[in-house]
Amino acid sequence: MIQRLIRKIFGRRASTVPRIIPVSQHGIHREQIHPCALKITRTLRAEGFAAFVVGGAVRDLLLKKTPKDFDIATNATPDQIQALFRRARSIGRRFQIVHVYCGADTIEVTTFRASQDSAGETPEDEGLRQTAADGLILRDNVFGTQMEDAARRDFTVNALYYDPHDETVWDYHEGVADAQKRVLRMIGDPKTRFREDPVRMLRAARFSAKLDFHIDVATRAPIAELAPMLKRIPSARLYDEMMKLLLSGHAERGVHQLRAEGLHHGILPILDTVLDDPIHKPFIHAVLHDTDLRVREGRSASPAFMLAGLLWFAFRNALEGLPDNATMYDIMDETLERQRKQLAFPRRLDGTIKEIWALQPRFEQRNGARPFRLLDHPRWRAGYDFLLLRGHGADATAAELADWWDRFEAADDSTRNAMLLPTTGERRTRRRRNRGPKRSTHDTTEGGQPS
């Protein structure tokens, strides 16, 4: 009873106290925090609750990077949070979270969660936490203290709490020191923590690539053994995590890190084929590099375009053995469905992927009115960008075609007609409407690599 009370008051480990670091040492100022996040923390604090900016935002600011999201952790319950904000709603069953909306922005607010060893203290707690026999957490909405919440987070650099009120950073697990050493270290026993949530293994690969951190030896040790547990994770959740890696701006390194840890087998086993083949490898690297460049330059990148690239050779190989009674689109459907069993990407992406693939043979048709019609195709830019990346690989034919189409698009009508290849019939001359100034090579229509 006494130990239970101590844990309730002081957290999972009574000896654990945070190192409270002043702004003079960490350099993060409240002006760097998203205005909506500041408003939420002030509102919670005014009502008597603790409120901290937490996780990746603090880590990124500490590393002099621009955060993508600003999450908040508080001791207010989801019901109390919703009562304070008019535009707020609770989401999630496995982990209950409150989204607070400020205009077009969304801030994620979570309640401090209890540590794992506090499970079963009351009948109510038992109903809020469910764990499978192998350690996988199925549901966890037992609330606790800030100390317990820090112990529950995955890596030390993600367990940092920033108080905008006095501009201090609360560090329970030497996360600031690990950030300075550029090391990714799991909080607690890595094997147990990966069993609780196998997606943490993918996050280790992603953060290592994104932050240019090395994974701590003890953290990395159980990954090879536990990698098969990813099969227990819903494929839709795996897709979300993979898109974070592929669209992080560090996809090239992330894919290699994923493969180095053996984590790709249940998600993208095709990496073994495309990264080992001298013909496939240059193209895949071109796709990953192009996407990384777009993200780093602040331009958007398309999941459909990325998937079209990763699955291109799987489709081409299946197409070479096309049965007499099957069409090219049948092969496309089979390729996408086969991959979807492992990575549940949305079906709404199928149309764009198939259009990009279907446009590739049309670039070889350079006679008659066909080139003019192709320039008017709504996916012209996405298809051309894909052809260009094929040319950057080991496909000499694609490189020659990309050069011809680049010149054709920039030419006037008379030059275009002179560029057309001979046809068996009389050549048709067609004037094409003015499409306006030529866009940069990698800017595309919606659904390709959008600008």
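Start at 1 with the first residue, then count along the sequence.
Among pairs with a residue in residues 52-64, none fulfils salt bridge (charged side-chain N to carboxylate O under 4.0 Å, His left out), at least two apart in sequence or across chains.
Here the side chain of Thr219 pairs no donor or acceptor atom with the backbone of Arg185 at under 3.5 angstrom. For Ser248 (side chain) and Leu245 (main-chain N/O), a donor-acceptor pair under 3.5 Å exists by modelled atom type. The closest donor-acceptor contact from the side chain of Asn417 to the backbone of Asp413 lies under 3.5 Å.
Looking at heavy atoms from C-beta onward, Phe345 lies out of side-chain contact with Met242 at the 4.5 angstrom threshold. Thr111 has its side chain out of reach of Gln96: every pair of non-hydrogen atoms, C-beta onward, lies at least 4.5 Å apart. By the 4.5 Å heavy-atom criterion applied to side chains, Thr110 and Asp71 are not counted as neighbours. Considering only heavy atoms from C-beta on, Leu401 comes within 4.5 Å of Leu387 through its side chain. Annotation: side chain of Met332 is not in contact with side chain of Thr327 (no heavy-atom distance under 4.5 Å).
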Exercise for the section: Could you walk me through whether Glu196 and Lys191 pass the salt bridge (charged side-chain N to carboxylate O under 4.0 Å, His left out) test, one step at a time? Expected result: CA-CA 9 Å; Glu196 291 172 357; Lys191 193 168 187 177; over 6 Å; no

Exercise for the section: Decide side chain to side chain donor-acceptor pair (under 3.5 Å) for Glu400 and Thr397; before the verdict, give the C-alpha distance in whole Å, the side-chain angles of both, and the deciding distance to 0.1 Å. Expected result: CA-CA 5 Å; Glu400 186 272 329; Thr397 300; over 6 Å; no

Practice task
Kindly determine whether Leu184 and Val157 satisfy side-chain contact (heavy atoms from CB on, under 4.5 Å), including the steps that lead there.
Solution key: CA-CA 7 Å; Leu184 197 66; Val157 293; 3.9 Å; yes

Exercise for the section: Applying side-chain contact (heavy atoms from CB on, under 4.5 Å), run through Thr41 and Tyr162 and close with a yes or a no. Expected result: CA-CA 11 Å; Thr41 57; Tyr162 177 77; over 6 Å; no

Hey, can you pull the donor-acceptor pairs under 3.5 Å for the side chains in residues 354-361, sequence neighbours left out?
from, atom 1, to, atom 2, distance (Å)
Lys354, NZ, Asp333, OD1, 2.8
Glu355, OE1, Arg379, NE, 2.9
Trp357, NE1, Ala308, O, 3.1
Gln360, OE1, Arg390, NH1, 3.0
Gln360, NE2, Ile356, O, 2.9
Gln360, NE2, Gly383, O, 3.2

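When each of Ile33, Leu160, Val176 is paired with Val58, the side-chain contact (heavy atoms from CB on, under 4.5 Å) condition holds for Leu160 and for no other. Just one residue in the list His285, His250, His264 forms a ring-ring contact (aromatic ring centres under 6.0 Å, His included) with His256, and that residue is His285.
Here Phe85 pairs with nothing under the ring pair (Phe, Tyr, Trp, His ring centres under 6.0 Å) rule; sequence neighbours left out. The ring pair (Phe, Tyr, Trp, His ring centres under 6.0 Å) search around Phe313 returns His280, Phe283, not counting sequence neighbours. Not counting sequence neighbours, Glu364 has no partner by the salt bridge (Lys or Arg N to Asp or Glu O under 4.0 Å) test. By the side chain to side chain donor-acceptor pair (under 3.5 Å) test, His34 is found to be paired with Asp105, residues two or more places apart in sequence or in another chain being considered. Partners of Asp240 according to the salt bridge (Lys or Arg N to Asp or Glu O under 4.0 Å) rule, which considers only residues two or more places apart in sequence or in another chain, do not exist here. Under the salt bridge (Lys or Arg N to Asp or Glu O under 4.0 Å) criterion, Asp212 pairs with Arg253, sequence neighbours left out. Annotation: salt bridge (Lys or Arg N to Asp or Glu O under 4.0 Å) contacts of Asp154 (sequence neighbours excluded): Arg203. Residues passing the ring pair (Phe, Tyr, Trp, His ring centres under 6.0 Å) test with Phe363, sequence neighbours excluded: Trp380, Trp405. Annotation: side chain to side chain donor-acceptor pair (under 3.5 Å) contacts of Arg89 (sequence neighbours excluded): Tyr101. By the ring pair (Phe, Tyr, Trp, His ring centres under 6.0 Å) test, His99 is found to be paired with no residue, residues two or more places apart in sequence or in another chain being considered.
Within 6.0 Å of atom NE2 in His289, 12 or fewer heavy atoms from other residues, nucleotides or ligands are found, so the atom counts as exposed in its surroundings.
Judged purely by distance below 3.5 Å, without hydrogens or angles, the side chains of Glu409 and Tyr384 never pair a donor atom with an acceptor atom. No side-chain donor-acceptor contact under 3.5 Å links Asp171 and Tyr161. Side-chain contact, Thr156 with Glu174: no donor N or O sits under 3.5 Å from an acceptor N or O. Looking at Ser414 and Asp412, their side chains do bring a donor and an acceptor atom within 3.5 Å of each other.
A salt bridge between Asp178 and Lys181 is present, with a side-chain N of the basic residue lying under 4.0 Å from a carboxylate O of the acidic one. Between Arg113 and Glu148 there is no salt bridge, since no side-chain nitrogen of the basic residue lies less than 4.0 Å from a carboxylate oxygen of the acidic one. A salt bridge links Arg237 with Asp197: at least one charged nitrogen is closer than 4.0 Å to a carboxylate oxygen.
The side-chain tip of Arg366 does not point at the ring of Phe408 from less than 6.0 angstrom away and within 45° of straight on.
For the atom pair CG (Leu388) and CG (Asp406), the distance works out to 8.0 Å, reported to the nearest 0.5 Å.
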